[in-house]
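Notes follow the structure.
We count ligands from 1, going down the list as the structure has it; atoms in each ligand are counted the same way.
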Amino acid sequence: GFPEKVTIIEVGPRDGLQNEKNFVPTEKKINFIKKLKEAGLSEIEITSFVSPKWVPQMKDASTVADTFQPDTCRNIVLVPNQKGLEKALQANCRSVALFIGVSNTFNQKNINKNTKEAVQTLLPLIQQLKQQECFIRTCISTAFYCPYEGKIHERDVLALCESFVKAGVNELSVADTIGMANPKDVFSLFSKLKQNFPHTLLAAHFHDTRGLAIANIYAALQAGINRFDSSAGGLGGCPFAKGATGNVATEDLVFMLHEMDISTSINEEKLLEAVAFIAPHISRPIESKQYSLFAQR
Ligand code: HMG
Ligand code: MG
């Protein structure tokens, strides 16, 4: 059966904005995050401590993170290396997302390291985060398909996940980076993840490049997954993954879940107001179904 309740991890302020060409003013980012909290989002990726040369949009990470001191919402920041971790801890962050792809070529383009080198970089960070009693999420990119290497084998995803589970992370967020997954493969992989890692929180992260994100979420729900990453307005995409477009829109996901009598903590109307707030600062039209209906009212 389906879960009674689903938790949504809002990734718009991070995955959504990182891909925007024009710099979104820091104050707008902060107010966007505040509106998402008001809409009831309880876990939000608020920014990432990455190189400003690589991702100029995230150059204000310290200011954004400083604004959101630990509260009832899990404020998550992404970190790629020791330098990012130090900046995150300086800003008093308590929830950190590490990120790595299964594919060597993707990692080389995204973080300038191959998969093995990336694991070696991240494992020592986990020890420090555990000492600090931080919540540790790990985003596993290209878990189905890599824009450079093609189809990814399940065994490689499971092996990479296992090294992070063994190191003691709290959560794995397993991602279809460029929207190439299909419901059959999603059901298969998430069923195995659940079986292999029963004590780790498991989230599914779908980009909607080919319109299959909602179908993939349905398949993951059937595999027993009750945590989903999504982005308000369907913003998003990784600048170093050729062909990546937005994440599944939070408002479309919440609509489906509520229609299925699956509860979330989210108020649909307030969520649409958060999307309306950020829309003028985004260089492309917002194309989610729910926001289009809202804008026509
Ligand atoms: P590098 O050039 O190999 O790093 O980049 P480096 O250690 O040689 O440092 C180069 C410069 O960057 C130095 O500055 C460092 O100080 C600075 P300089 O001396 O030249 O002035 N630097 C930093 N500055 C701030 N924060 C840091 C940091 N580290 C170094 N943490 C690096 C390696 C990882 C830094 C770089 O490749 C990078 O920043 N990559 C970011 C990639 C990224 O943000 N991708 C998007 C997020 S992942 C994603 O979207 C996928 C996901 O959504 C799931 C999915 O959909 O698949 C999560
Ligand atoms: Mg993503």
Side-chain angles (χ1 to χ4, degrees), residues 9-20 44-65 76-91 93 96-103 105-115 117-122 125 128 137-149 152 157 160-161 164 169 171-181 189 203-209 213 216 228-232 234-250:
I9 301 97
E10 170 61 46
V11 300
R14 194 280 306 169
D15 202 326
L17 299 183
Q18 74 184 11
N19 213 22
E20 272 296 306
I44 308 180
E45 286 186 356
I46 58 171
T47 188
S48 52
F49 287 93
V50 294
S51 165
K53 286 183 189 144
W54 286 62
V55 188
Q57 188 63 250
M58 295 286 123
K59 68 183 178 195
D60 56 1
S62 292
T63 311
V64 172
I76 305 156
V77 298
L78 266 68
V79 157
N81 57 14
Q82 183 68 35
K83 177 154 192 179
L85 176 61
E86 279 160 21
K87 285 172 175 275
L89 293 176
Q90 255 163 36
C93 297
V96 166
L98 309 173
F99 60 98
I100 183 170
V102 181
S103 145
T105 315
F106 172 74
N107 283 324
Q108 209 69 57
K109 294 198 188 263
N110 194 42
I111 49 176
N112 203 21
K113 292 172 193 75
N114 65 33
T115 309
E117 291 164 346
V119 171
Q120 284 164 358
T121 303
L122 296 178
L125 307 189
Q128 297 170 57
R137 166 173 159 94
T138 307
C139 305
I140 306 291
S141 290
T142 62
F144 296 90
Y145 192 91
C146 168
Y148 312 103
E149 294 188 9
I152 298 292
V157 184
L160 185 64
C161 288
F164 285 93
V169 303
E171 175 177 41
L172 293 169
S173 168
V174 177
D176 177 25
T177 309
I178 64 160
M180 276 293 286
L189 180 62
H205 178 114
F206 295 112
H207 285 265
D208 199 31
T209 317
N216 288 334
F228 294 94
D229 296 2
S230 64
S231 148
L235 313 175
C238 175
F240 308 102
K242 194 178 59 180
T245 59
N247 292 78
V248 63
T250 307

Less than 3.5 Å between some nitrogen or oxygen of [X] and one of ligand 1, yes or no?
X	answer
Lys113	no
Asp176	no
Phe240	no
Ser48	no
Phe99	no
Val50	yes

Closest protein heavy atom (residue, atom, distance) for [atom]:
atom	value
atom 22 (N) of ligand 1	Lys83 CD, 3.9 Å
atom 2 (O) of ligand 1	Trp54 NE1, 3.4 Å
atom 32 (C) of ligand 1	Ile111 O, 4.3 Å
atom 42 (C) of ligand 1	Asn110 O, 3.1 Å
atom 1 (P) of ligand 1	Asn112 ND2, 3.9 Å

I need the [X] [atom1] to [Y] [atom2] distance, nearest 0.5 Å.
X	Y	atom1	atom2	value
Lys113	Ile100	NZ	CD1	10.0 Å
Gln128	Leu85	CD	CG	5.0 Å
Ile46	Met58	CD1	CE	10.5 Å
Cys139	Ile9	SG	CD1	9.5 Å
Phe228	Phe206	CZ	CZ	7.0 Å

Any side-chain to backbone donor/acceptor pair from [X] onto [Y]? Under 3.5 Å, distance only.
X	Y	answer
Asp15	Val11	no
Asp60	Thr63	no
Ser141	Gly101	no
Asn247	Gly234	no
Ser230	Glu10	no
Gln18	Gly237	yes

Look at [atom] and say whether a protein heavy atom is found at less than 4.0 angstrom from it.
atom	answer
atom 44 (O) of ligand 1	yes
atom 7 (O) of ligand 1	no
atom 40 (N) of ligand 1	yes
atom 19 (O) of ligand 1	no
atom 10 (C) of ligand 1	no
atom 4 (O) of ligand 1	no
atom 37 (O) of ligand 1	yes
atom 13 (C) of ligand 1	no

Need the ligand 1 atom indices (1-based, order shown) with element for anything under 4.0 Å from a heavy-atom of [X].
X	value
Lys53	14 (O), 18 (P), 20 (O), 21 (O)
Cys139	58 (C)
Pro52	24 (N), 25 (C)
Ser141	51 (C), 52 (C), 54 (C), 55 (C), 57 (O)
His207	56 (O)
Asn81	27 (C), 28 (C), 29 (N), 30 (C), 31 (N), 35 (C)
Val55	43 (C), 44 (O)
Ala175	54 (C), 55 (C), 56 (O), 57 (O)

Less than 4.5 Å apart, any side-chain heavy atom of [X] and any of [Y]?
X	Y	result
Val102	Cys146	no
Val169	Arg137	no
Val55	Phe240	yes
Thr142	Val157	no
Asn110	Cys238	yes
Cys93	Lys87	no
Phe49	Leu78	no
Phe99	Ile111	yes

Quick check: does [X] have an N/O/S atom under 2.8 Å of the Mg ion (ligand 2)?
X	answer
His205	yes
Asp229	no
Cys238	no

Region of Asp15 that comes within reach of ligand 1 [heavy atoms, distance under 4.0 Å] |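 The answer is the side chain.
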
Nearest-option assignment for atom 58 (C) of ligand 1, heavy atoms, candidates Gln18, Arg14, His205 |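 Answer by nearest heavy atom: Arg14.
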
His207: its N/O/S atom lying closest to the Mg ion (ligand 2) (atom name) |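 The closest N, O or S atom of His207 to the Mg ion (ligand 2) is NE2.
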
Which single N/O/S atom of Asp15 lies at minimum distance from the Mg ion (ligand 2)?
->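 Distance check against the Mg ion (ligand 2) picks out OD2 in Asp15.
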
